Trainee: 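Got a structure here, written out as structure tokens. Questions coming.
Counting convention: from 1, in listed order, for ligands and their atoms alike. In this text the structure is predicted, and so the values were computed from the model without any measurement. Any value given below was found using the heavy atoms of this structure, including those in side chains, with hydrogens, waters and symmetry copies removed.
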Amino acid sequence: MPSRRTFLQSSLLAAGAAALPRGFAQIRASGAKVVSTWDFGVPANQAAWAVLGKGGSAIDAVEAGARWAETGQCNSTVGRCGYPDRDGHVTLDASIMKGDGSCGAVAAIEGIDHPISVARKVMEKTPHVLLVAEGAQQFAVSEGFKVQDLRTPEAEKAWKAWLKTSKYQPEINVERRSLPGNSENHDTIGMLALDKEGRMAGACTTSGMAWKMRGRVGDSPIIGAGLYVDDEVGGATASGVGEEMIRNAASFLVVELMRQGRSPADACREAIERVVHKRPAASKELQVCFLAMNKDGQVGAFALHKGFVYAVCDASKQDALLPSQSIYTTDRT
Ligand code: GLY
């Protein structure tokens with residue numbers, strides 16, 4: 001039992017810590033850095049670094065990086081080249097979050113090629129966090145976004161080929177192979193940035209699973225599932241089959257584990273173990289990946305299966321691509 005004196009001392013220390021200005025974390029920042037999921041994270045990080053490297057804010061950096069992923073490449077799982085749902089509609093999900101808790105998201109939005117920027121407008125211009133479907137599109141149009149047909153000829157061809165069997169079977173890490181019914185459909189971009197002021201922000205954007213049911217929303221626009229950021233601790237983001245992240249409030253879990261003193265890699269590993277513990281059989285078939293960065297700029301990742309890579313960019317190196325460790329380490333091919 002602590003003595004009354006010890007108790008009072010620790011209470012005063014705790015009260016003092018609580019009274020510190022939120023900017024206190026800023027003093028401890030180790031330098032600007034941006035990290036993101038998968039190999040396309042390298043150019044996306046570079047787009048973010050164009051902002052961050054000049055002393056720009058973490059929130060502007062993650063928006064710039066995510067925007068690159070949405071239109072600067074043609075990828076079947078993010079933005080304008082995303083594969084459609086089973087009815088042929090390309091529907092996009094995105095979220096953005098600042099380390100002070102401000103956040104915004106859109107889900108199942110159609111015809112808008114930069115859902116991440118609409119998510120930011122939701123954060124900055126509405127009293128809400130998440131707008132969906134027609135309402136999200138209506139809001140985007142009111143903010144000056146143009147409605148376009150996002151379905152590419154390649155996506156259309158893949159969808160028509162898939163319709164012949166209509167078999168839906170997500171597979172692990174078979175990126176960008178346009179095999180109907182067999183496409184990698186969960187390599188979302190999740191990005192976390194730390195700016196030179198020590199502020200953090202994150203962004204997550206995806207077209208979700210190819211051939212998903214109409215109306216299906218994944219983890220990416222769900223704050224706490226696909227993305228969570230807290231300036232006092234750090235941030236986490238996710239890629240993979242979003243239902244697992246939602247079931248486990250996984251990005252929030254990773255941040256809370258870091259709050260308890262776990263390293264980013266260890267926190268990601270624990271969250272992956274939680275996924276396995278809850279659904280051991282399903283976990284053998286699905287890919288789930290976490291990426292985290294704490295407020296001191298330490299980075300870690302962990303995945304269920306082999307194959308997850310993440311990109312790290314700071315003043316010393318702008319094109320690092322690192323393999324993540326995983327629970328299951330054998331090749332499935
Ligand atoms: N992680 C993206 C999704 O499941 O939609």
Trainee: As an exercise, identify every atom of ligand 1 less than 4.0 angstrom from a heavy atom of Gly208.
Mentor: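 The atoms of ligand 1 under 4.0 Å from a heavy atom of Gly208 are 5 (O).
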Trainee: With a 4.0 Å heavy-atom cut-off (strictly under), which part of Arg216 contacts ligand 1: side chain, backbone, both or neither?
Mentor: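 The side chain, only.
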Trainee: Check ligand 1 against Gly218 and write out every atom of the ligand that is under 4.0 Å from a heavy-atom position of the residue.
Mentor: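 That gives atoms 5 (O) of ligand 1.
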Trainee: Please list all pairs meeting ring pair (Phe, Tyr, Trp, His ring centres under 6.0 Å) that have one or both residues in residues 214-266, counting only residues at least two apart or in different chains.
Mentor: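 Listed by first then second residue: Tyr228-Phe252.
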Trainee: Using a strict threshold of under 4.0 Å (side-chain N to carboxylate O), is an ion pair present between Arg214 and Asp85?
Mentor: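 Answer for the salt bridge query: yes.
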Trainee: For residues 133-146, run the donor-acceptor check on the side chains, cut-off 3.5 Å, and write out each pair with its distance to 0.1 Å, sequence neighbours left out.
Mentor:
from, atom 1, to, atom 2, distance (Å)
Gln137, NE2, Glu110, O, 2.8
Ser142, OG, Phe139, O, 2.6
Glu143, OE1, Lys125, NZ, 3.1

Trainee: Report, in ascending order of atom number, the atoms of ligand 1 lying under 4.0 Å from any heavy atom of Thr188.
Mentor: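 Here the atoms of ligand 1 in question are 1 (N), 2 (C).
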Trainee: Report yes if Gly240 has an N/O atom closer than 3.5 Å to an N/O atom of ligand 1; otherwise report no.
Mentor: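 By distance alone, the answer is yes.
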Trainee: Of the choices Thr206, Asp219, Val241, Ile246, which has the non-hydrogen atom that lies closest to atom 3 (C) of ligand 1?
Mentor: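 The option holding the nearest heavy atom is Asp219.
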Trainee: Trp211 vs Tyr83 aromatic rings, parallel, tilted or perpendicular, using cut-offs 30° and 60°?
Mentor: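 The rings of Trp211 and Tyr83 lie parallel, inter-plane angle below 30°.
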Trainee: For ligand 1, which atoms have a heavy atom of Ser220 less than 4.0 angstrom away?
Mentor: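 Close to Ser220: 1 (N), 2 (C).
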Trainee: Show which atoms of ligand 1 fall inside a sub-4.0 Å distance from at least one heavy-atom site of Gly242.
Mentor: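 Listed by number with element, the hits are 3 (C), 4 (O).
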Trainee: Check this for me: does any side-chain nitrogen of one of Glu256 and Arg259 sit under 4.0 Å from a carboxylate oxygen of the other?
Mentor: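 Yes.
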Trainee: For the pair Val129 and Ile223, evaluate side-chain contact (heavy atoms from CB on, under 4.5 Å) and give the outcome as yes or no after the intermediate values.
Mentor: CA-CA 9 Å; Val129 167; Ile223 297 296; 4.2 Å; yes
